[in-house]
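Notes follow once the structure below has been shown.
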Amino acid sequence: MLSAFPALSLRGRRGAVRLVAATWTCGLVAAGVLAGAGPAVADETPQTQGGATATIGGLKTYGEAVIHADTGDQQVSAGLFEMSVDGGGTLQTYCVDLQNPTQRDAKYHETAWSGTSLGANKSAGKIRWILQHSYPQVNDLAALSAKAGTKGLTEQDAAAGTQVAIWRYSDGADVDAVDPQAEKLADYLEKSARNVAEPQASLTLDPPAVSGHPGERLGPVTVHTNASGVTVTPPADAATTGVRIVDKDGKVVTSAADGSQVFFDVPEDATAGSADLTVQASTTVPVGRAFTSESRSQTQILAGSSESTVSAAASADWAESGAVPALSAQKNCADGGLDITAANQGDETFTFELMGVEHGIDAGKSATVTIPLQEDQVYDFTITAPNGYAKRFAGVLDCRTQSDAGGAVTQTLSEPSPATVGGTTVDTNLAETGGSGITPMITVLALGLVGIGATTLVLLRDRKPGQG
């Protein structure tokens, strides 16, 4: 059940759209390898393409900065955060989202720039240059100080100056470091920065969804990674379903490398069903990768990585006849929406309706549909098809560095509380930017309850007589 609120139904020529007051959710779908036969349930489909998943642990190395605004000057702490990677590893990050607070123990996932405010920021490449040429990538502070023309840098000065330079490009902020040496470093980095290309993900599977008929090898799914190799785990109930993960020659695969192609080998007598594949590796995440949280916690950008656990997932769906779609989604901040890619390897047209527009994907074809969304809008919808197919997509569109809905206020605070990751409530000593840590949640909940501005869409493909 997606919501306890009453539903409104609208029925068209080919199908139905049911509008339901939205629920708001945060967190991630647990990684794993699953397989099943028979009707599919509407499990939430991840809108990330793989990589590291981590929990933010606080501001660790920092100095002070002053933000100059129309309402006056506001002092904040500026520096490096630390994250603990699920499965092992540590990440160091800077903030690229000045006006939003950092939520306590927020879960983050590695994300393409296109899924963040960096996707529409022409200076995003300069931020990566700063990361590559400053602390902690350059940990020889004497050498960094000489380049910046300072009289010496502490780790705190280096972190603060780097963060200030990043904010000038990520948020267009009028911000200065309090310490003169940190300010000189910030000026040097800002003036020296050049555009550098976005780094590739630490681990992805492409495409993240495939489909076809029983008796076929569904795929290929290509591994992209900077790791030396990845482990491939077969479906948990492979002994029951008979689904195997194989290479192009039909040989069972348990490991793979960058560029490897794997397939879901589905038995000919398999009933309509699905399987999810997860691959895992240990590697350093490339500097400059973005990290986002569905709880609207501050977007982060990677400054350093230990050897860390990374993973990626792909799904397969199959049926004997009819439309057999494969769906995946990714946030598109440049166009202000959610991109849904639909591929149809069945023998009939896959027809569905989104936002009042009907779409048809012919057999053997694929297309990408962009669902326009407002900033901070909650979305939660399920696309279904015959043979029990159902895919659910849920989240919040969080693309801008300053929320239109929020009015977040930066506060002057002393030092970070070890027990809190920086939400700026008035009764704690925290050193982050943004309003109260609960503000985004209130905003998200309010948006989800206002009319049908943010809705759960249950999209049903029209069934011909006799279809299941």
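Nothing fancy with the numbering, it's 1 onward along the sequence. The shown structure was predicted, so the numbers you read here are calculated from the model rather than taken from an experiment.
- With S297 contributing its side chain and Q103 its backbone, the two residues share a donor-acceptor pair below 3.5 Å.
- Between D376 and R296, at least one side-chain N (NZ, or NE/NH1/NH2) sits under 4.0 Å from a carboxylate O, which counts as a salt bridge.
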Could you walk me through whether M83 and Y108 pass the side-chain contact (heavy atoms from CB on, under 4.5 Å) test, one step at a time? CA-CA 9 Å; M83 294 189 189; Y108 280 80; 3.7 Å; yes
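- Side-chain atoms of T351 and H359 include no donor-acceptor pair closer than 3.5 Å.
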Please evaluate residues Q300 and T93 with respect to the criterion side-chain hydrogen bond (donor to acceptor under 3.5 Å, both in side chains), reporting the C-alpha separation (whole Å), side-chain torsions for both, the decisive distance (0.1 Å), and the verdict. CA-CA 6 Å; Q300 305 283 313; T93 62; 2.8 Å; yes
Chi angles and distances behind the side-chain contact (heavy atoms from CB on, under 4.5 Å) call for Y389, S211: CA-CA 11 Å; Y389 182 91; S211 62; over 6 Å; no
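- Counting only heavy atoms from C-beta outward, the side chains of T231 and T254 never approach each other to under 4.5 Å.
- Side-chain contact check for L80 versus P136: some heavy-atom pair is nearer than 4.5 Å.
- Using a 4.5 Å heavy-atom threshold, the side chains of D398 and E375 count as touching.
- Residues T278 and A313 share a closest heavy-atom pair of OG1-CB, 4.0 Å.
- Between D317 and K391, the closest side-chain pair of non-hydrogen atoms falls below 4.5 Å.
- Side-chain atoms of K248 and F263, non-hydrogen and from C-beta on, do get closer than 4.5 Å to each other.
- The closest side-chain heavy-atom distance from R217 to V246 is below 4.5 Å.
- T283 meets the side chain to side chain donor-acceptor pair (under 3.5 Å) test with N226; sequence neighbours excluded.
- For S282, the side chain to side chain donor-acceptor pair (under 3.5 Å) partners two or more places apart in sequence, or in a different chain, are E307.
- Side-chain rings of Y379 and F393 stay apart, their centers remaining 6.0 Å or farther from each other.
- Taking the side chain as every heavy atom from C-beta outward, N332 and S114 never approach each other to under 4.5 Å.
- Looking at heavy atoms from C-beta onward, T53 lies out of side-chain contact with V85 at the 4.5 angstrom threshold.
- Taking CZ from F81 and OH from Y62, the interatomic distance works out to 11.5 Å, rounded to the nearest 0.5 Å.
- A salt bridge links K107 with D86: at least one charged nitrogen is closer than 4.0 Å to a carboxylate oxygen.
- When the shell of 6.0 Å around CD of Q137 is examined, it contains more than 12 heavy atoms from other residues, nucleotides or ligands.
- Summarising the geometry, atom CD1 belonging to I127 is positioned 9.5 Å from atom CG belonging to N195; distances are rounded to the nearest 0.5 Å.
- In this structure, H224 has no ring pair (Phe, Tyr, Trp, His ring centres under 6.0 Å) partners at least two apart in sequence or on a different chain.
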Are E110 and V285 close enough, and set up right, to give a side-chain contact (heavy atoms from CB on, under 4.5 Å), and what steps lead you there? CA-CA 9 Å; E110 187 179 336; V285 182; 3.7 Å; yes
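- Pairs of residues two or more places apart, or lying in two chains, that qualify as salt bridge (Lys or Arg N to Asp or Glu O under 4.0 Å) and include a residue from residues 257-274 are R244-D265.
- Within the structure, no pair that satisfies the salt bridge (Lys or Arg N to Asp or Glu O under 4.0 Å) test touches residues 219-229, not counting sequence neighbours.
- For S84, there are no side chain to side chain contact (heavy atoms under 4.5 Å, CB included) partners at least two apart in sequence or on another chain.
- Identified under the disulfide (SG to SG under 2.5 Å) test for residues 279-381, with sequence neighbours left out: C333-C399.
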Go through it in stages, so that I can follow the logic: the residues are I56 and D105, the test is side-chain contact (heavy atoms from CB on, under 4.5 Å), and I'd like the CA-CA distance, side-chain angles, deciding distance and then a yes or no. CA-CA 5 Å; I56 200 161; D105 297 327; 6.0 Å; no
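- For the atom pair CG of L203 and OG1 of T309, the computed distance is 11.0 Å after rounding to the nearest 0.5 Å.
- The two residues W113 and A290 have their closest heavy-atom pair at CD1-CB, 4.0 Å.
- Across every non-hydrogen atom of Q200 and P286, the tightest pair is O-CG, 3.4 Å.
- Proximity of a side-chain donor or acceptor of Q298 to a complementary backbone N or O of N100 within less than 3.5 Å is detected.
- Within the model, atoms CD of Q163 and CD1 of I130 stand 10.0 Å from one another, a figure rounded to the nearest 0.5 Å.
- Here D347 pairs with nothing under the side chain to side chain donor-acceptor pair (under 3.5 Å) rule; sequence neighbours left out.
- Expressed to the nearest 0.5 Å, how far CD1 of I166 lies from OG of S134 amounts to 8.0 Å.
- Under a 3.5 Å cut-off, the side chain of Q92 and the backbone N or O of L302 do not form any donor-acceptor pair.
- Although no hydrogens or angles enter the test, the distance criterion places no donor-acceptor pair under 3.5 Å between the side chain of D249 and the main chain of K251.
- With W318 contributing its side chain and T271 its backbone, the two residues share a donor-acceptor pair below 3.5 Å.
- The two residues F291 and A52 have their closest heavy-atom pair at CE2-O, 3.7 Å.
- Under the 3.5 Å distance criterion, the side-chain polar atoms of N344 are matched with a main-chain donor or acceptor of G346.
- Between the R400 side chain and the S117 main chain, no donor and acceptor come within less than 3.5 Å of each other.
- Nearest heavy atom pair, residue L327 against residue A342, reads CD2-CB, 3.3 Å.
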Per-pair distances, 0.1 Å, donor-acceptor, side chain in residues 360-373, under 3.5 Å, sequence neighbours excluded:
residue	atom	partner	partner atom	Å
D362	OD1	T349	OG1	3.3
T368	OG1	T341	OG1	3.0
T370	OG1	D339	OD1	2.5

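- Sorted by first then second residue, the salt bridge (Lys or Arg N to Asp or Glu O under 4.0 Å) pairs that include residues 194-208, not counting sequence neighbours, are E198-R289.
- A donor-acceptor contact shorter than 3.5 Å is absent between the side chain of T204 and the backbone of A201.
- Applying the disulfide (SG to SG under 2.5 Å) test to residues at least two apart or on different chains, none of the pairs has a partner in residues 202-279.
- Residues passing the side chain to side chain donor-acceptor pair (under 3.5 Å) test with S293, sequence neighbours excluded: S295.
- Here the closest non-hydrogen pair linking T90 and S308 is N-OG, 3.8 Å.
- To the nearest 0.5 Å, atoms CG (L338) and CD (Q330) are separated by 9.0 Å.
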